[in-house]
Amino acid sequence: MNNHSTMTPVTTKVNNFHLHLAGNLHRKDMKNIEAMTTISRTEFPSFWKLNTPRKHRLYVVASAGNPRSLGITSGGKVNGISVSEITPFTDKKRIPPGLATDDDYVGKPLRTDLIGRFVEDRLVYRQTFSIRSYEIGPDKTATMETLMNLLQETALNHVSSSGLAGNDFGATRKMSLRKLIWVVTRIHIQVQRYSSWGDVVEVDTWVDAAGKNGMRRDWIIRDCNTQEIITRATSTWVTMNRETRKLSKIPDQVREELVPFYLNRLAIPTENSDVAKIDKLTNETAEVVRSGLAPRWSDMDANQHVNNVKYIGWILESVPINVLEDFSLTSMTLEYRRECRQSNLLESLTSRTRDTDNNSSKCRGCLKQTHLLQLQADKAEIVRARTEWRTKHK
C-alpha cells in the first residue's frame, strides 16, 4: 500500500524531459505524464520562442492523492510571459488587498474583473470594469443595458463580499432561511456621458432603508481616468417569497443584517430625481405598438423570472428608429409591476412628446417618452417606463 502522506521527491527522465516528481505516483500516473510530455515536446507552435530551444525543461508537480491533477510550469517564457513566476491560487500572497475577507477566497480561482473592495468604512462597495466590444452599440459607446448590467453585477458582488450572501441570487443568509428573494420595484438612472469601448469605469454602490418595508440601493459610475461622475442611479427593492411569489415584509432578522451597511446618502438629489407617477399607456393612446415579443430561455435569471435588465431592450423595440439614431438616451425610469416568465408573449408601447419648455437651455432639443411593456394576451402590465433623450452632437 502506498503511503499518500509521504511524498519523497525523485528525478527521472521521460522523453528527454527532466521531471521532478513525487516518489509515490501510481503507474498509470507515470503513463499519463509520459504521454503528456510527448505532446508538449512535439506540439509547441513554431512561433513560441523559448529561452533554451535545444533543451526542453518541463517541471511537473503531481500528487498521488489526486492522480488526475497535474500542474505544469516551464522555466522560460511563452509569448513574453514568464511562466515560472506563476504560483498556485492557494497562495495567500496572491490574494489582492481590499477583499471583504481573506479565507473565503483562498483556494478559489480569482478573476480580476470580479474583484471589488470596500471603501468609506465598508459602507460603499467599489468595483472596476472595462467596457468590452460586445457591450457597445452602433455609435461605439456603451448601451443602457450595459450600464444596468454593471449596476446589477456590482450590487450582487456587494452582497457576496459583505459576508451576508445566502443561497439565493443576491439574498442574505436570513432571507434564504425564510425563502425570500429581492425584487426591484423602481429604478431611475441618469446618464451624463456614455463610455466608449476600452474605457475603464468605477462603480460605487451602497444601500439604505426605503420606508418600513423596502431597501434603497444607489450607484454612481465614474470615469476611472478622470474621476468624472458619468452616471447616477437609484432603486427601491422589496422582498418576495420565492415559492408563493408573493411580496413579504422585511423580517426583523433580515433588517438586523442590513442595518450595519446602511448609508444615508443619495446618488441623485431629491430635487433632480424622477419620483412622479408614470402614466399608463393603452393600445389606443400609444403611438407605436410592437407585438409578439417572446422571452428566451437565456433571458431568465436565477430567481426564475425574466431579468429586469432584459426589459430595456423590449421597451426600446417600440422607439422609432429616427429617435435611436438622432438622440441619446439620458434618463430612464422603470416601474416594475409584475413578473414575466418565459411562456409569456409581450407587447411594447411607446408615446412621445417634445418638451414644451423652449426657454430652458437645459431641455432644448430634449425628447420625452412614455412606455409600457404588457402581456399580449390579457394586457396585464409588466413595466411602465419613462425616458428622456437629448439630441446627439454630430
Side-chain angles (χ1 to χ4, degrees), residues 116 118-120 122-127 129 142-159 162 169-172 181-195 201-223 227-240 247 250 255 258-278 307-312 315 328-337 362 368-371 383-390:
F118 282 96
V119 295
E120 300 189 42
R122 294 179 60 85
L123 295 176
V124 176
Y125 184 76
R126 179 172 295 167
Q127 188 164 352
F129 299 90
T143 64
M144 181 62 78
E145 293 97 318
T146 295
L147 297 183
M148 294 285 276
N149 277 321
L150 297 184
L151 303 185
Q152 179 174 266
E153 185 69 10
T154 308
L156 290 171
N157 288 331
H158 180 199
V159 177
S162 68
F169 200 49
T172 68
I181 59 175
W182 289 115
V183 291
V184 60
T185 59
R186 186 182 178 100
I187 186 166
H188 174 54
I189 181 169
Q190 297 177 354
V191 182
Q192 182 66 29
R193 177 174 63 82
Y194 287 93
S195 300
V201 297
E202 184 178 82
V203 185
D204 283 5
T205 187
W206 62 92
V207 295
D208 196 9
K212 295 182 179 180
N213 290 302
M215 183 186 74
R216 194 190 78 241
R217 177 176 287 279
D218 285 11
W219 300 265
I220 59 172
I221 301 180
R222 296 185 186 90
D223 183 295
Q227 288 298 295
E228 171 196 5
I229 296 179
I230 56 179
T231 300
R232 300 175 183 267
T234 185
S235 60
T236 304
W237 300 73
V238 296
T239 55
M240 182 179 75
L247 297 183
I250 297 181
R255 186 175 285 105
L258 301 173
V259 167
F261 293 90
Y262 281 172
L263 177 61
N264 185 18
R265 177 187 298 172
L266 298 175
I268 303 176
T270 303
E271 61 271 16
N272 297 332
S273 186
D274 182 4
V275 296
K277 181 180 178 181
I278 301 177
N307 188 278
N308 64 83
V309 178
K310 299 294 182 180
Y311 296 132
I312 298 175
I315 288 171
S328 178
L329 180 55
T330 59
S331 174
M332 179 173 244
T333 304
L334 300 166
E335 287 184 358
Y336 296 91
R337 298 291 175 138
K362 180 180 178 181
K368 293 185 178 181
Q369 296 182 320
T370 302
H371 313 269
V383 184
R384 290 186 188 185
R386 178 165 43 235
T387 56
E388 293 186 12
W389 306 72
R390 184 176 55 238

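Everything numeric here is computed off the predicted structure, so don't read it as measured data. Nothing fancy with the numbering, it's 1 onward along the sequence.
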Taking every heavy atom of Ile187 against every heavy atom of Trp219, the minimum-distance pair comes out as CD1-CZ3, 4.1 Å

Residues at least two apart in sequence or cross-chain that pass salt bridge (Lys or Arg N to Asp or Glu O under 4.0 Å) with Arg193, listed by chain then number, are Asp223, Glu228

Those residues at least two apart in sequence (or on a different chain) that pass side-chain contact (heavy atoms from CB on, under 4.5 Å) with Glu388 are Thr330, Ser331, Lys368

Does any part of the side chain of Trp206, heavy atoms only, come nearer than 4.5 Å to the side chain of Glu120, both counted from C-beta? no

For Thr236, does its backbone N or O pair with a side-chain atom of Thr185 as donor and acceptor, under 3.5 Å? yes

Rounded to the nearest 0.5 angstrom, the CD1-OG1 distance for Ile220 and Thr234 is 12.5 Å

Measuring only between side-chain heavy atoms, which start at C-beta, is Val191 closer than 4.5 Å to Met144? yes

Is there side-chain contact between Leu266 and Arg216, with at least one heavy-atom pair below 4.5 Å? yes

ask   = Is it true that the side chains of His371 and Thr387 contain a donor and an acceptor less than 3.5 Å apart?
value = yes

For Arg386, the salt bridge (Lys or Arg N to Asp or Glu O under 4.0 Å) test, sequence neighbours excluded, returns Asp274

Rounded to the nearest 0.5 Å, the CG atom of Asp204 sits from the OG1 atom of Thr154 at a distance of 9.0 Å

Discussion item. Can you see whether Thr143 engages Thr146 through a side-chain donor-acceptor pair at a distance of less than 3.5 angstrom?
Written reply: yes

Stepwise, does the side-chain contact (heavy atoms from CB on, under 4.5 Å) test hold for Tyr336 with Val183? CA-CA 9 Å; Tyr336 296 91; Val183 291; over 6 Å; no

Would Leu334 and Ile315 count as a side-chain contact (heavy atoms from CB on, under 4.5 Å) here? Give the steps. CA-CA 10 Å; Leu334 300 166; Ile315 288 171; 3.5 Å; yes

Please step through side-chain contact (heavy atoms from CB on, under 4.5 Å) for the pair Leu263 and Val124, ending with a clear verdict.
CA-CA 8 Å; Leu263 177 61; Val124 176; 3.6 Å; yes

Heavy atoms of Glu335 and Ala276 approach each other most closely as OE2-O, 4.1 Å

Open item on the list: Go through it in stages, so that I can follow the logic: the residues are Leu151 and Thr205, the test is side-chain contact (heavy atoms from CB on, under 4.5 Å), and I'd like the CA-CA distance, side-chain angles, deciding distance and then a yes or no.
Closed with: CA-CA 8 Å; Leu151 303 185; Thr205 187; over 6 Å; no

d(Glu153 CD, Phe129 CZ) to nearest 0.5 Å is 5.5 Å

Here the pair of heavy atoms bringing Asp218 nearest to Ala267 is OD2-N, 2.8 Å

Interatomic distance, CE@Met332 vs OH@Tyr311, rounded to 0.5 Å, equals 13.5 Å

Note to self: Below 30° counts as parallel, above 60° as perpendicular, anything between as tilted: where do the rings of Phe261 and His158 land?
What the structure shows: perpendicular

Closest heavy-atom pair, Ser195 versus Val201, reported as atoms and distance to 0.1 Å, is OG-CG1, 3.2 Å

Heavy-atom nearest pair, Ile268 first then Arg232, reads CG1-CB, 3.6 Å

Donor-acceptor pair, side chain of Tyr125 and main chain of Ser162, under 3.5 angstrom | no

What one should report as the nearest heavy-atom pair of Tyr194 and Ser328 is CE1-OG, 3.6 Å

One should read off an interatomic distance between Gln127 CD and Glu202 CD, to the nearest 0.5 angstrom, of 11.0 Å

Checklist entry - Where do Gln152 and Asn307 land on the side-chain hydrogen bond (donor to acceptor under 3.5 Å, both in side chains) test, with the steps shown first? => result CA-CA 10 Å; Gln152 179 174 266; Asn307 188 278; 3.1 Å; yes

Interatomic distance, OG@Ser235 vs CD1@Ile189, rounded to 0.5 Å, equals 10.0 Å

Side-chain touch Ile278/Thr333, heavy atoms, less than 4.5 angstrom
yes

